[in-house]
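To keep things clear, I will list the structure first and then write my remarks on it.
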Amino acid sequence: MTSSSIPEGFLPFASRGRFTEKIGPLYYKPDGDSIIYGFLAEEGHTNGNGVIHGGMLISFLDEALGQIIWRALNKQRCATISLNCNFVASAKPGDWIETRAEISRKGMAVVFVHGELQVRGERILAADGIWKIIGK
């Protein structure tokens, strides 16, 4: 994959929020009952060490998990209560970074989710989160 290519099947993601425009462009691809979100890491996403900034990775994961939960709740609004992240490896400009997620429990008021970011199938960040269900 070249630094200007997006993997086959991914489409541009248009967020409802303005912040997401600042960290994008982001992409999505249907994957069975879920959606995979991804982005092509660029120089503008790096920190002083030349790797993708942790804040960028967490912002992307927060957006992607929120979208996955929103869809799983039949488009009910939700908000992040907690997102605990562990950095496992780094990513660099030119890497395609994508999500994997599994909702572990849906309650009446909250949703629990495990997510991760991967580069070439290898985990670079693992996270557990809780989202508050706000309603329609």
Side-chain angles (χ1 to χ4, degrees):
M1 174 171 32
T2 67
S3 63
S4 63
S5 67
I6 305 303
E8 186 176 331
F10 279 88
L11 303 166
F13 171 68
S15 173
R16 301 173 314 176
R18 295 184 64 195
F19 176 75
T20 307
E21 295 171 9
K22 297 182 183 306
I23 63 170
L26 305 182
Y27 298 86
Y28 74 98
K29 177 174 86 170
D31 182 44
D33 292 338
S34 190
I35 302 244
I36 298 172
Y37 291 86
F39 77 98
L40 187 61
E42 300 174 353
E43 288 292 331
H45 297 133
T46 61
N47 62 21
N49 294 322
V51 297
I52 305 308
H53 195 289
M56 172 62 195
L57 296 174
I58 292 171
S59 293
F60 167 63
L61 185 62
D62 182 48
E63 176 68 27
L65 293 178
Q67 289 295 321
I68 289 166
I69 293 166
W70 179 71
R71 288 179 182 280
L73 295 173
N74 296 317
K75 301 184 179 181
Q76 283 185 288
R77 292 180 337 155
C78 55
T80 312
I81 293 175
S82 173
L83 184 58
N84 297 305
C85 298
N86 294 300
F87 297 98
V88 178
S90 61
K92 60 186 182 314
D95 283 343
W96 175 256
I97 300 171
E98 62 185 40
T99 59
R100 292 288 184 262
E102 179 181 339
I103 294 174
S104 53
R105 193 168 66 217
K106 281 193 262 189
M108 296 297 292
V110 295
V111 175
F112 296 82
V113 64
H114 174 76
E116 61 182 46
L117 297 181
Q118 296 181 354
V119 173
R120 291 178 293 283
E122 298 293 322
R123 181 175 44 197
I124 63 166
L125 185 150
D128 290 295
I130 306 169
W131 264 252
K132 171 73 174 153
I133 301 170
I134 298 171
K136 296 220 182 227

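Computed from heavy atoms alone, side chains included, the values below leave out hydrogens, waters and symmetry copies. Note that the structure is predicted; figures quoted are calculated from it, not measured.
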(message) Let's go through Leu73 and Ile133 carefully: what are the C-alpha distance in whole Å and the side-chain angles of both, what is the deciding distance for side-chain contact (heavy atoms from CB on, under 4.5 Å) to 0.1 Å, and is it a yes or a no?
(response) CA-CA 8 Å; Leu73 295 173; Ile133 301 170; 3.8 Å; yes
(message) So Glu43 and Pro93, do their side chains get closer than 4.5 Å, heavy atoms only?
(response) yes
(request) Under the side-chain contact (heavy atoms from CB on, under 4.5 Å) rule, what do Ile36 and Phe10 come out as? Steps first, then yes or no, please. (result) CA-CA 9 Å; Ile36 298 172; Phe10 279 88; 3.8 Å; yes
(message) So, taking the atom named CD in Gln118 and the one named CD in Glu98, what distance separates them when rounded to the nearest 0.5 Å?
(response) 6.5 Å
(request) Search all heavy atoms of Leu40 against all heavy atoms of Ser5 and return the closest pair with its distance. (result) CD2-O, 3.9 Å
(request) Kindly write out the residues that satisfy salt bridge (Lys or Arg N to Asp or Glu O under 4.0 Å) with Arg71, not counting sequence neighbours, or none if the list is empty. (result) none
(request) Search all heavy atoms of Gly66 against all heavy atoms of Cys78 and return the closest pair with its distance. (result) O-SG, 4.0 Å
(request) Take Phe39 and Trp96 through the ring pair (Phe, Tyr, Trp, His ring centres under 6.0 Å) test and state the conclusion after the steps. (result) CA-CA 6 Å; Phe39 77 98; Trp96 175 256; 7.6 Å; no
(request) Taking all heavy atoms of Leu83 and all of Ala127, pick out the closest pair and write down the distance. (result) CD1-CB, 4.0 Å
(request) Quick one: sort the Phe13 and Tyr28 rings into parallel, tilted or perpendicular, breaks at 30° and 60°. (result) perpendicular
(message) Closer than 4.0 angstrom, basic N to acidic O: yes or no for Arg123 and Glu116?
(response) yes
(message) Same cluster or not: Val51 versus Phe87, using hydrophobic residues (I, L, V, M, F, W, Y) connected whenever any side-chain heavy atoms lie under 4.5 Å apart?
(response) no
(request) Measure the CG-CG distance between Leu11 and Leu26 for me, rounded to the nearest 0.5 Å. (result) 13.0 Å
Would you tabulate the side-chain donor-acceptor contacts of residues 52-62 under 3.5 Å, counting partners in other chains and residues two or more places apart, or write 'none'?
unit_1, atom_1, unit_2, atom_2, d
His53, ND1, Gly55, N, 2.7
Ser59, OG, Gly55, O, 2.9
Asp62, OD1, Thr80, OG1, 2.6

(request) Determine, stepwise, if the pair Lys92 / Val119 fulfils side-chain contact (heavy atoms from CB on, under 4.5 Å). (result) CA-CA 10 Å; Lys92 60 186 182 314; Val119 173; over 6 Å; no
(message) Suppose clustering is done on Ile, Leu, Val, Met, Phe, Trp and Tyr with side-chain heavy atoms closer than 4.5 Å. Which residues sit in the same group as Val110?
(response) Ile81, Phe112, Ile130
(request) Kindly compute the distance separating CG (Asp95) from CD (Glu122), expressed to the nearest 0.5 Å. (result) 12.0 Å
(request) Determine the minimum heavy-atom distance between Ala72 and Ile103, stating which atoms define it. (result) CB-CD1, 3.4 Å
(request) Hey, could you give me the NZ/CD1 distance between Lys75 and Ile69, rounded to the nearest 0.5 Å? (result) 16.0 Å
(request) Find out if a path of hydrophobic residues (ILVMFWY) with successive side-chain heavy-atom gaps under 4.5 Å connects Leu65 to Phe19. (result) yes
(message) For the CD1 atom of Ile35 and the CD1 atom of Ile68, what is their distance to the nearest 0.5 Å?
(response) 8.0 Å
(request) Give, for atom CD of Glu63 and atom CH2 of Trp70, the distance between the pair rounded to the nearest 0.5 Å. (result) 10.5 Å
(message) Minimum heavy-atom separation for Ala79 and Ile134, please, with both atom names.
(response) CB-CD1, 3.7 Å
